[in-house]
Number of protein chains: 2
Amino acid sequence: MITISLSSSIPLQDQLVAELRRLIATGKLSVGDDLPPVRQLANDLGINLNTVARAYRELTDAGLLTSVRGRGTVVIDTTERPRGKPNEERKRVEQILGAALTDAKIAGFSESEARAMIERQIERIWKS
Amino acid sequence: MITISLSSSIPLQDQLVAELRRLIATGKLSVGDDLPPVRQLANDLGINLNTVARAYRELTDAGLLTSVRGRGTVVIDTTERPRGKPNEERKRVEQILGAALTDAKIAGFSESEARAMIERQIERIWKS
DNA sequence: CCCAATTGTATCATTGACTGATACAATGGC
DNA sequence: GCCATTGTATCAGTCAATGATACAATTGGG
């Protein structure tokens, strides 16, 4: 269900966060669902448990998950759809985004690779 | 002509390479054009001369520039679109994605709104 | 009630990429 | 030949990412 690339230049933690965001955004994970314990997921993916824990922490800080020691990590929010905005403006921005993503696909990038790049850019643009 | 962000999380060298690629791809730099000496450009941008030299070197290795000690750096090819190096390609695509998302933010869209639009485009581009 | 298993968290060390300071080497004009 | 200009090489410092390990809280079985 969750796949990451150990050889990618994209940090493992970022890849994992992107994967989890994708699962939540696409409904593969719903409110109330339990996530695997950090040790189990870390073992399955072949990475350190801290890397998983930090990914969980990042999404917890973002308000998507909640973690309780000894109990586990649960989905508590599935990010909502956008509210109204001028339709033209949305179409324009969406077209630019679509062009950029199309470029990414033509360049040979997979969906998850594109998602990882998107996460990095969102981090840079909205959170720094 | 060349602008980079000192506070960005994207490495300066990568930003500079992307900028130079952009100038070459858009015809702002043509075959035979001289690039600024590494020290001058470094001084203009407020960064280390090595960072500029490494960016030049990267594009030289890619076959777009030629550098001769004591003489300078010149554009020798404007047609090349290397598909070979996934890492370089990734940074190029990431820059385009970043520009699109920056546009979205300037247009007033929130992070979650941007994510929703991204989901829609990914659905369209990769899954249909 | 205890204790052991389970689970997330905190701390410290290591590694590698990025950047910079400085010295070196080649080219060309005078 | 000299020297200013230009790219290159070498070394060091910083920081993010990752990992190894120990700690702390919760749960459930006896």
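For clarity, every value in this text was computed on a predicted model and none was experimentally measured. The figures that follow rest on heavy atoms only: side chains count, while hydrogens, waters and symmetry mates do not. Letters A, B, ... are given to chains in the order of the sequence lines, protein chains preceding strands, and every chain is numbered from 1.
Ionic pairing of A/Glu113 and A/Lys105 is not present here: no N-O contact between side-chain nitrogen and carboxylate oxygen is shorter than 4.0 angstrom.
Each of C/dT19, C/dT22, D/dT26 was ranked by its minimum atom distance to the side chain of A/Val68; first place goes to D/dT26. Among D/dG7, C/dT19, C/dT9, the nucleotide with an atom closest to any side-chain atom of A/Ala53 is C/dT9. Which of D/dA25, C/dG20, C/dT19 sits closest to the side chain of A/Arg69 comes down to D/dA25. Side chain of A/Tyr56, nearest nucleotide from C/dG20, C/dG8, D/dG7: C/dG8.
Residues B/Leu23 and B/Ile2 are in side-chain contact: their nearest non-hydrogen atoms beyond the backbone lie under 4.5 Å apart.
Heavy atoms of B/Leu49 sit under 4.0 angstrom from at least one base atom.
A sub-4.0 Å separation between OP1 or OP2 of D/dA20 and a side-chain N or O of A/Asn48 is present. Within the structure, a side-chain polar atom (N or O) of A/Thr51 is placed less than 4.0 Å from OP1 or OP2 of D/dG19. In this structure, B/Thr73 does not reach the D/dT6 phosphate: none of its side-chain N or O atoms is under 4.0 Å from OP1 or OP2. Contact check, A/Arg57 against C/dA10: a side-chain N or O comes under 4.0 Å of OP1 or OP2.
The interatomic distance linking A/Leu12 (CG) with C/dG16 (P) rounds to 14 Å, in whole Å. Put simply, CD on B/Gln13 is 13 Å from P on D/dT8, counting in whole angstrom units. Rounded to a whole Å, the CD atom of B/Glu58 is 11 Å from the P atom of C/dT19. Between B/Leu16 atom CG and C/dG20 atom P the separation is 11 Å, expressed in whole Å. Atom CD in B/Gln15 sits roughly 19 Å away from atom P in C/dA17 (whole-Å rounding). Per the geometry, CG belonging to A/Leu41 stands 17 Å off C1' belonging to C/dT9, to the nearest Å. Straight-line distance from the CG atom of A/Asn50 to the P atom of C/dT11: 12 Å, rounded to whole Å. With rounding to whole Å, A/Arg39 atom CZ is found 19 Å from D/dT18 atom P.
In this structure, the side chain of A/Glu19 engages the main chain of A/Thr3 through a donor-acceptor pair within 3.5 Å.
Of the two residues near DNA chain D, B/Pro36 and A/Asp14, the one whose nearest nucleotide lies more 5' is B/Pro36.
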Decide salt bridge (Lys or Arg N to Asp or Glu O under 4.0 Å) for B/Arg54 and B/Glu58; before the verdict, give the C-alpha distance in whole Å, the side-chain angles of both, and the deciding distance to 0.1 Å. CA-CA 6 Å; B/Arg54 286 168 189 139; B/Glu58 195 173 325; over 6 Å; no
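Distance check: B/Asp103 CG to A/Ile96 CD1 gives 4.0 Å after rounding to the nearest 0.5 Å.
B/Arg54 contributes no side-chain N or O that forms a donor-acceptor pair with the base of D/dG7 under 3.5 Å. Residue-to-nucleotide contacts include no donor-acceptor pair under 3.5 Å from the side chain of A/Arg71 to the base of C/dG8.
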